[in-house]
A.B. asks: 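Questions regarding the structure given below will be posed in turn.
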Amino acid sequence: MAVGWHRPTRLLIDTQAIKANVENERQRMPQGSVLFAVVKANGYGHGAVETARAAKEGGASGFCVALLDEAIELRQAGITEPILILSVVDPAYIPSLLMYGISVTVATREWLVEAAEQLKEESYEQPLNVHIKVDTGMGRIGFTSPQATKEAALFIKNNPNFHLEGIFTHCSTADLKDSTYFDQQTARFKENLDQLSELPRYVHISNSATALWHPDNVGNMIRFGVAMYGLNPSGRSLPEPYPLQPALTLISSLIQVKELLPGEGIGYGKTYTTNQREWVGTIPIGYADGWLRHLQGFSVLVNGYPCEIIGRICMDQCMIRLPKQVPVGTKVTLIGEDQGQTITMQMVAEKLGTINYEVACTFSQRIPREYTNKIGNSKWSKEVTHMLETYPLLSVADKVRPVGKT
Ligand SMILES: Cc1ncc(COP(=O)(O)O)c(C=O)c1O
């Protein structure tokens with residue numbers, strides 16, 4: 001996919017915030033516990049490799065992903081820590097799992113039997129690291145009874161081509177005030193653990209919500225996802241036990257500013273008509289970037305002033321009502337802080353009727369991610385430097401300037 005480096009729309013990712021969120025969580029964790037950073041789905045849209053590096057600086061001991069390809073991406077970027085794939089991988093890919101030293105989730109007996117056949121066919125030097133997944137009430141993947149878990153553990157123990165590295169479950173209501181179902185899931189997980197003659201290296205139950213609101217729970221590893229990016233897993237339902245630092249800022253700048261007479265239509269379908277003489281600005285971001293049409297009527301910040309998105313959001317552009325004339329090139333903050341005003345990912349999620357996770361994952365690869373140590377102190381990313389070195393005669397390159405310096 002072509003990335004829009006020649007357009008001023010940027011996702012600025014504050015790696016210090018990611019590092020700080022990991023450090024803060026680690027300080028609260030029981031002695032002997034470790035934190036695995038969940039960087040699936042391109043690090044919830046923040047960039048998997050850069051997030052993993054920041055999390056590692058903050059003390060993450062390993063990483064969780066959803067796809068084999070995501071694990072390989074981390075390995076190819078030089079990440080050597082343990083990586084666990086949280087979902088099911090076809091046993092046909094066991095050679096890749098072993099080659100890259102990646103641990104995998106076991107969710108059914110059938111998978112184990114097939115994997116054992118695969119491992120028997122070729123002689124590998126290393127056993128395959130597996131984590132047993134117990135379905136304690138999420139209803140997604142995993143063994144559904146203590147007996148099934150016991151049999152899986154025995155199967156693994158009796159087959160030297162496997163190594164039982166972990167056992168885990170996933171809680172579906174850890175972000176709710178009412179902990180009844182959460183407690184049931186925890187109790188079920190303990191029943192499953194009781195079936196094992198010895199516990200593996202990693203026993204894990206905690207995602208962000210469990211880690212934040214049930215910190216003393218069973219296990220010695222946490223799978224820290226959304227909170228690492230500075231987002232509250234409950235939205236606004238539960239207070240953060242310590243301030244999470246949001247890592248993502250979305251900015252752009254005005255590409256056209258015009259004053260329209262009363263009665264002028266804006267956007268497809270003419271869903272907005274000017275009431276009076278109005279200053280209208282156009283921003284180069286649209287639904288193809290993940291800035292979705294339902295955000296019509298939401299506000300963005302220009303010089304700290306909230307400006308309403310008017311008319312339908314187009315594929316690549318959208319229009320806002322400005323309080324007065326401002327120059328083309330003026331910075332627009334779509335998510336983040338500007339002159340004391342803040343638009344959060346949660347506010348965007350609420351406008352869209354969804355959760356902050358989904359907003360973060362929806363930003364398309366078309367928007368360049370730039371990694372900053374401090375918001376506002378944007379520096380060229382490697383890709384831009386490479387592009388400028390590769391195409392030094394490209395006339396537009398002279399005009400490209402770091403965002404935030406408009
Ligand atoms: C099995 C599993 N563990 C951990 C996580 C991380 O969850 P969170 O982002 O809420 O911390 C996820 C995310 O979907 C998951 O599926």
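We count ligands from 1, going down the list as the structure has it; atoms in each ligand are counted the same way.
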A.B. asks: Can you pull out the closest protein heavy atom to atom 10 (O) of ligand 1? Residue, atom name and distance to 0.1 Å, please.
C.D. replies: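 For atom 10 (O) of ligand 1, the nearest protein heavy atom is Tyr357 OH, 2.6 Å.
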A.B. asks: Within a strict 4.5 Å, meaning less than it, do heavy atoms of the Leu112 and Asn159 side chains meet?
C.D. replies: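 No, side chains not in contact.
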A.B. asks: If you have a sec, work out which protein heavy atom is nearest atom 14 (O) of ligand 1 and how many Å separate them, to one decimal?
C.D. replies: Lys40 NZ, 2.7 Å
A.B. asks: Just going by heavy-atom distances, which of His170, His204, Met228 is nearest to atom 1 (C) of ligand 1?
C.D. replies: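 That would be His170.
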A.B. asks: Touching ligand 1 at all, Arg140? Heavy atoms, strictly under 4.0 Å?
C.D. replies: yes
A.B. asks: Around atom 11 (O) of ligand 1, find the nearest protein heavy atom and jot down its residue, atom name and distance.
C.D. replies: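 The closest heavy atom on the protein side is Ser208 OG, 2.5 Å.
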A.B. asks: Angle class for the His131/His204 ring planes (parallel below 30°, perpendicular above 60°, tilted otherwise)?
C.D. replies: perpendicular
A.B. asks: Thr330 versus Leu322: any side-chain heavy-atom pair under 4.5 Å?
C.D. replies: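 With C-beta onward as the side chain, the pair stays apart.
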A.B. asks: Would you mind running through ligand 1 and noting each atom that sits below 4.0 Å from a heavy atom of Gly225?
C.D. replies: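 Close to Gly225: 8 (P), 9 (O), 11 (O).
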A.B. asks: Check the pair Glu117 / Lys120 against salt bridge (Lys or Arg N to Asp or Glu O under 4.0 Å), numbers first and verdict last.
C.D. replies: CA-CA 5 Å; Glu117 282 302 310; Lys120 208 164 58 184; 3.2 Å; yes
A.B. asks: Less than 4.5 Å apart, any side-chain heavy atom of Asp316 and any of Trp291?
C.D. replies: no
A.B. asks: Would you call Ile85 and Tyr93 a side-chain contact if the rule is heavy atoms closer than 4.5 Å?
C.D. replies: no
A.B. asks: Taking the side chain as every heavy atom from C-beta outward, state whether Ile343 and Phe298 have any pair of such atoms under 4.5 Å apart.
C.D. replies: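 SC-SC contact between Ile343 and Phe298 confirmed.
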A.B. asks: Please work out whether any backbone atom (N, CA, C, O) or any side-chain heavy atom from C-beta onward of Pro233 is under 4.0 Å from ligand 1, and answer side chain, backbone, both or neither.
C.D. replies: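 None of Pro233 does.
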A.B. asks: Closest non-hydrogen protein atom to atom 7 (O) of ligand 1, residue and atom name please, with distance?
C.D. replies: Asn207 CB, 3.5 Å
A.B. asks: Under 4.0 Å, heavy-atom basis, I'd like to know which part of Val226 is in contact with ligand 1: side chain, backbone, both or neither.
C.D. replies: both
A.B. asks: Under 3.5 Å, is there a donor-acceptor pair between the Thr186 and Asp183 side chains?
C.D. replies: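 Side-chain D/A pair, Thr186 to Asp183: absent.
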A.B. asks: Given Phe224, Tyr229, Tyr44, identify the one with the heavy atom nearest to atom 6 (C) of ligand 1.
C.D. replies: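 The nearest heavy atom belongs to Tyr44.
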A.B. asks: Identify the protein heavy atom lying closest to atom 4 (C) of ligand 1, giving its residue, its atom name and the separation to 0.1 Å.
C.D. replies: Arg223 NE, 3.4 Å
